[in-house]
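These numbers come from a predicted model, not from an experiment.
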Amino acid sequence: EASTINDMLAELEAKYPGAKLCMATLDLDFFYKDVTEGPVPGAYERLLTAVRDRGVPTTVALAGQTYDIGPFHLDVLAPLASLDGTRAENLNSSSIVMMATVRSGSPPHLASESATVREGEQEGVSVGSDSPPLQEGEQEGVSARRILLTGDAEADVEAAMLERYCNDRTADAPCPALAADVLKVPHHGSQDSSSDAFLTAVAPQHAIISSGAGNDYGHPHRRALKRLERTGATIWRTDERGDVTVEFSPEGLHVVGER
């Protein structure tokens, strides 16, 4: 596992020289509540050790931060408060939630870009460099497309974001702060995520569920699937379609499955 972590960091360093690793917390104690050891704290400790040993610059994710990676502009929507100095009640509630915006049509470097969700993939770390937020309409003739990346967030995080960002809308209308063309479905489509209120706020055209075929958790859950179906979004499951790629071009947005 240590070699896998180092390989991942080496690949990120090669692709994004000088970029920061954005993490939910650098406080290992966050993962220890009533136990002193376990697979999650152990894996995170190995990650933090590798980051320190390689001298990878880091930043702790917090709502309001912005990052740019190539053509992608990222807005951090959660965690809503710093996790440092706290203890995890539910590890899934510590997920980083980001809105990724890409503008296509102009300039030339936005001519063709893509993002891929792989089978069983989880969010948790992202890379980027500090930059001021993009302003709506700042480039005439450039259309914006948005992907909401939700990690393992569950209903409590969804509710907190609705309260923070969507208080000034009617309950049955999309929320400008959360509305997205593509939703990376929270927590692999578990029954404790993708609430009706949250899905109404996001109003996605496409919903991508990252789940391993035959996984032990029963993801995606049939109740979550029913809620997603009611939105009218096209549902893409990596356990059925393999890698799912979202492609951006001057002509718009296109989603394709590996199979």
Side-chain angles (χ1 to χ4, degrees), residues 12 16 18-31 44 47-48 51 56-103 115 122-139 142 144-169 173-187 193-195 197-204:
L12 291 175
Y16 305 105
K20 293 180 180 179
L21 191 66
C22 183
M23 306 175 72
T25 180
L26 299 176
D27 182 4
L28 184 62
D29 288 341
F30 173 78
F31 295 94
Y44 209 76
L47 173 61
L48 292 179
V51 166
V56 177
T58 58
T59 186
V60 175
L62 190 62
Q65 294 172 342
T66 62
Y67 300 92
D68 284 307
I69 305 175
F72 293 95
H73 176 75
L74 304 176
D75 289 285
V76 180
L77 302 178
L80 296 176
S82 174
L83 302 178
D84 289 349
T86 65
R87 297 294 181 271
E89 296 291 335
N90 177 1
L91 288 177
N92 293 331
S93 299
S94 67
S95 291
I96 299 173
V97 179
M98 289 188 176
M99 181 70 76
T101 303
V102 62
R103 282 166 163 73
Q122 296 186 28
E123 284 81 28
V125 294
S126 302
V127 295
S129 55
D130 296 323
S131 68
L134 294 176
Q135 300 300 315
E136 186 174 343
E138 70 175 338
Q139 293 179 326
V142 179
R145 300 289 184 172
R146 307 211 302 178
I147 305 178
L148 184 57
L149 305 169
T150 57
D152 279 341
E154 295 182 354
D156 59 335
V157 177
E158 296 174 2
M161 290 193 295
L162 290 173
E163 183 177 356
R164 168 72 70 90
Y165 302 115
C166 307
N167 268 335
D168 58 349
R169 69 176 182 108
C175 170
L178 298 180
D181 301 280
V182 179
L183 170 66
K184 203 298 293 180
V185 173
H187 196 199
S193 65
S194 301
S195 65
F198 180 72
L199 294 177
T200 297
V202 179

Problem set entry | Backbone of Ala179 reached by a side-chain donor or acceptor of Arg146 within 3.5 Å | yes
Exercise. Do you know the tightest heavy-atom contact between Leu162 and Ala197?
Worked result: CD1-CB, 3.8 Å
Exercise. How far does CD1 of Ile96 sit from CG of Leu74, to the nearest 0.5 angstrom?
Worked result: 10.5 Å
Exercise. If every non-hydrogen atom of Met99 is compared with every non-hydrogen atom of Ala177, which pair is closest and at what distance?
Worked result: CE-O, 3.6 Å
Problem set entry | Donor-acceptor pair, side chain of Ser193 and main chain of His187, under 3.5 angstrom | no
Exercise. Rounded to the nearest 0.5 Å, how far apart are CG of Leu91 and CD of Glu154?
Worked result: 10.0 Å
Seminar exercise, completed: Between Ser94 and Ala24 the two heavy atoms that sit nearest each other are O-CB, 3.5 Å
Exercise. For Ala153, does its backbone N or O pair with a side-chain atom of Glu158 as donor and acceptor, under 3.5 Å?
Worked result: no
Problem set entry | Flag for Asp68-His73: side-chain donor and acceptor within less than 3.5 Å | yes
Problem set entry | Side chains of Leu83 and Asp27 in contact at under 4.5 Å (non-hydrogen atoms) | no
Exercise. Are the side chain of Gln65 and the backbone of Val60 linked by a donor-acceptor contact shorter than 3.5 Å?
Worked result: yes
For this session: Would you confirm whether Thr150, through its side chain, and Lys184, through its main-chain N or O, come within 3.5 Å as a donor-acceptor pair?
Result: yes
Exercise. Passes side chain to side chain contact (heavy atoms under 4.5 Å, CB included), Val157 versus Asn92? Steps please.
Worked result: CA-CA 9 Å; Val157 177; Asn92 293 331; over 6 Å; no
For this session: Give a yes or no on whether the backbone of Thr25 and the side-chain of Tyr44 come within a donor-acceptor separation of less than 3.5 Å.
Result: yes
For this session: Identify the two heavy atoms, one from Asp181 and one from Ala144, that lie closest to each other, and give their separation to 0.1 Å.
Result: OD2-O, 4.3 Å
Problem set entry | Sub-4.5 Å side-chain heavy-atom contact between Val97 and Leu148 | yes
Exercise. Which atom pair, heavy atoms only, marks the closest approach of Ala19 to Pro57?
Worked result: O-CG, 3.3 Å
Exercise. Out of Arg164, Met161, Met98, which residue meets the side-chain contact (heavy atoms from CB on, under 4.5 Å) rule with Leu77?
Worked result: Met161
Problem set entry | Closest heavy-atom pair and its distance - Leu178, Tyr165 | CD2-CD1, 4.3 Å
Exercise. Is Phe30 close to Thr86 at the side-chain level, that is, under 4.5 Å between some pair of heavy atoms?
Worked result: yes
For this session: State the CG-CG distance between Asn90 and Asp156, to the nearest 0.5 angstrom.
Result: 6.0 Å
Exercise. Just how far is it from atom OG of Ser194 to atom CG of Leu199, taken to the nearest 0.5 Å?
Worked result: 5.0 Å
